[in-house]
Amino acid sequence: MSKSLPSRADNYSEWYNELVKRADLAENSAVRGCMIIKPYGYSIWEKMQRALDDMFKETGHTNAYFPLFIPKSFLSKEASHVEGFAKECAVVTHYRLKNDPNGGGVIVDPDAKLEEELIVRPTSETVIWSSYKNWIQSYRDLPLLINQWANVVRWEMRTRLFLRTAEFLWQEGHTAHATKQEAIEETEQMLEVYAEFAETFMAMPVLKGIKTANERFAGADETYCIEAMMQDGKALQAGTSHFLGQNFAKAFDVKFVNKENQLDYVWGTSWGVSTRLMGALIMAHSDDQGLVLPPKLAPIQVVIVPIYKGEEQLENIKARINPLVKALKSRGVSVKFDFADNQSPGFKFAEYELKGVPVRLAIGNRDMENGTIELARRDTREKTSMPFEGIEDVIVDTLEDIQKSIYQKAFDFRAANTFEVNSWDEFTAKIEDGGFLSAHWDGSSETEEKIKELTKATIRCIPLDAKDDAGKCILTGAPSSRRVIFARAY
RNA sequence: CGGGGUGUAGCGUAGCCCGGUAUCGCGCUUGGUUUGGGACCAAGAGGUCGUAGGUUCGAAUCCUGCCACCCCGACCA
């Protein structure tokens, strides 16, 4: 195994794949397209889950759990929904195996065929709405604000660790409301929650917007999204929030009696983020030395590496470091004091950089004599020798500063790679370099598809903060009232 | 699913064209010396050569099917 990663400049996707494996985040499994999330990767996901779950609870949601299997008939109740997912569903047809009468191993027992096939959920709208039918009678039962943490399966043809896997982990919120207005507000609120999570925890700036009809969720009236820019200039959809209108209520016959004693269909939303966020996190900040993790999501925020000759020196260092470890822990900082003697300091430095630990401290005999300690920050790879006295506050400040700096760096990168373009020639030239292109579009699906066909660029979103700005469609020249964001996407 | 490539120890590989039971490095184990940016010496352990068939006295090597992974397409709320 070579010591260094492939560089981003040489081969971005190889860099990504290698990094995921070398940093011990995930690996491929025996099952095509399914990944094994390794402990280090999973602990980052757990941090994401914790933060998101707290935000969901704060906005009034509660968790529940619905089954993995969906009766086939459920899926077909909402027409555009089934159309959207049919091509990528795993189907359970039998419930038993038996010994192969012709020899080795087991075979599917042909006598154990299911009357109705079960679909492994690609998303849970259908099972959930079939339950909501029983749970909702009156406006007093509304709003119903439920989230579930689950795995889903989408049989993708081409997969990549975290970015697109056949099975992935996610959360899916499913809410029901008495009015259209309230459901739209919920959809928008959850988009805000996602944006805030991405920006404050992941340190990743996102663009909030609305999807075009082409890119809309199957079964939604409107899909809101957050879009992030990766370091290769490609866009990554990091989260979606859907206003479902009354589509699922109608498909599953979910009616309620309103205050005026009239029967009406309820209004729905659904919203989700997945382990894809791990991919976003990696590609937003990491460099050729390895991961760069935002302190708020780093499983280990500070690592301390002692440099010593002999037991006695190590004991002296431990005596100085142990109280610091304790003090940091009491301030909620996760610290690892790595005094393992089977690896050299240099090895440890490289290893913790690969794993993205935000702050590294090194202390050796020189420091012991001088009353200093060396502090290295992962994002800039700067090393500074500092007085040991007061280092605790410096560490806490540095963690905060790293969180802010990597956000700013990602923000500046996005700004430097976002362009207004006004002609087709400009568009086709610019799109080759990656980045977001802000351009006029005539609003038709045909034009959108034509542009995709010609350039591989899709409309990532119509930004929520788009200003009215009359212009002409980049392709057709037809009038347009505002700009949309085009990019090549993951 | 189409085109191209790859599969040999935990990882990375040589050998394959031209058939004779497998090379080297990293890692691992033990002992010793080391430790301020991926340490060194010595001795060890580890392989049904992706998988299932076929050809052959004999297959990592030749042939066929299958599987997985990578790249390019198609597909992908």
Side-chain angles (χ1 to χ4, degrees), chain A residues 1-6 11-14 16-18 21-22 24 27-35 78 80-89 104 122-123 125 152 154-161 163-166 168 170 172 210-225 237 239-244 270-274 276 289-290 305-311 313-314 317 338-354 360-370 372-374 376 381 383 385 452-453 456 458 460-461 489-490:
Chain A
M1 185 157 71
S2 79
K3 282 178 180 175
S4 58
L5 286 169
N11 189 335
Y12 195 82
S13 66
E14 200 181 316
Y16 175 84
N17 289 332
E18 275 298 302
K21 286 175 196 161
R22 296 267 289 274
D24 244 357
E27 62 188 25
N28 285 304
S29 73
V31 183
R32 180 194 191 112
C34 294
M35 67 177 161
E78 214 287 335
S80 59
H81 190 68
V82 66
E83 199 181 317
F85 289 106
K87 281 177 286 180
E88 50 186 36
C89 284
T123 179
E125 274 77 5
V152 288
R154 295 179 190 179
W155 214 265
E156 301 286 357
M157 303 226 184
R158 221 173 129 180
T159 59
R160 294 189 70 192
L161 293 170
L163 295 174
R164 179 172 291 114
T165 46
F168 55 91
W170 76 344
E172 45 181 329
I210 296 172
K211 287 290 186 192
T212 60
N214 272 2
E215 302 275 327
R216 197 177 285 154
F217 175 74
D221 278 3
E222 198 79 88
T223 287
Y224 293 67
C225 64
Q237 178 178 300
T240 48
S241 183
H242 314 291
F243 168 60
L244 302 176
S270 68
W271 27 274
V273 294
S274 71
R276 184 179 234 208
Q289 272 67 46
V305 178
I307 298 155
Y308 58 94
K309 293 185 175 72
E311 274 301 305
Q313 286 191 5
L314 177 60
I317 291 171
D338 185 357
F339 48 79
D341 68 350
N342 57 341
Q343 285 150 347
S344 68
F347 181 91
K348 291 176 186 174
F349 293 168
E351 187 66 15
Y352 290 111
E353 276 174 12
L354 180 62
R360 182 186 74 229
L361 300 170
I363 182 163
N365 210 37
R366 269 191 338 240
D367 295 297
M368 293 295 285
E369 284 167 10
N370 301 337
T372 56
I373 191 162
E374 183 188 83
R381 301 185 75 225
K383 296 194 286 193
S385 183
K452 184 180 178 182
E453 197 185 306
K456 294 182 197 163
T458 50
R460 302 319 302 158
C461 69
Y490 276 97

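Residue numbering restarts at 1 for every chain, and letters A, B, ... go by the order of the sequence lines. Computed from heavy atoms alone, side chains included, the values below leave out hydrogens, waters and symmetry copies.
Atom name C1', nucleotides B/G37 and B/G3: the rounded distance is 45 Å, in whole Å. For the P atoms, the distance linking B/C26 with B/G38 amounts to 16 Å, nearest Å. Comparing the C1' positions of B/G7 and B/G15 gives a spacing of 15 Å, expressed to the nearest Å. Here the separation of B/G4 from B/G10, taken at their C1' atoms, is 30 Å to the nearest Å. Distance noted for atom C1' between B/C49 and B/G19: 14 Å (whole Å). Remark: the separation of the P atoms in B/A52 and B/A59 is 14 Å, to the nearest Å.
Straight-line distance from the NZ atom of A/K348 to the P atom of B/G37: 14 Å, rounded to whole Å. Between the CD atom of A/E374 and the P atom of B/U35 there is a distance of 17 Å, rounded to whole Å. Atom P of nucleotide B/U35 and atom CG of A/D338 are separated by 18 Å, given to the nearest angstrom.
Between B/C76 and A/K87, a contact under 4.0 Å exists linking OP1 or OP2 to a side-chain N or O.
Paired runs in RNA chain B that reach 3 or more consecutive Watson-Crick or G-U pairs, where each pair keeps both distances under 3.5 Å, cover B:1-7 with B:67-73, B:10-12 with B:24-26, B:28-33 with B:39-44, B:50-54 with B:62-66.
Note that OG of A/S274 and CH2 of A/W170 are 8.0 Å apart. Values are rounded to the nearest 0.5 Å. Taking NZ of A/K211 as the reference point, atom NE2 of A/H242 lies at 10.0 Å (rounded to 0.5 Å).
Looking only at side-chain heavy atoms (C-beta outward), A/Y16 and A/L163 come within less than 4.5 Å of each other.
Under 3.5 Å, the side chain of A/K309 and the base of B/G36 form no donor-acceptor pair of N or O atoms. Side-chain atoms of A/D367 come within donor-acceptor range of the base of B/G36, with a qualifying N/O pair under 3.5 Å.
A/G84 comes within contact range of no nucleotide atom at all, as no heavy-atom separation falls under 4.0 Å. Within the 4.0 angstrom heavy-atom criterion, base atoms lie near A/R366. Heavy atoms of A/R381 sit under 4.0 angstrom from at least one base atom.
For the pairing with A/E353, the salt bridge (charged side-chain N to carboxylate O under 4.0 Å, His left out) check across A/K383, A/R360, A/K348 returns one residue only, A/R360.
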Polar-atom pairs under 3.5 Å, protein N or O versus N or O of nucleotides 39-47 of chain B: list them with distances, or write none.
{"from": "B/A39", "atom 1": "OP1", "to": "A/S344", "atom 2": "OG", "distance (Å)": "3.3"}
{"from": "B/A39", "atom 1": "OP2", "to": "A/S344", "atom 2": "OG", "distance (Å)": "2.4"}

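In the set B/A74, B/U35, B/C76, the nucleotide with an atom closest to the side chain of A/M157 is B/A74.
The glycosidic torsion of B/U34 lies more than 90° away from 0, which places this base in the anti conformation.
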Open item on the list: One character per nucleotide, please: for nucleotides 66-72 of chain B, 5' to 3', B when the base has a protein heavy atom closer than 4.0 Å, S when only the sugar-phosphate does, - otherwise.
Closed with: --SS-SB

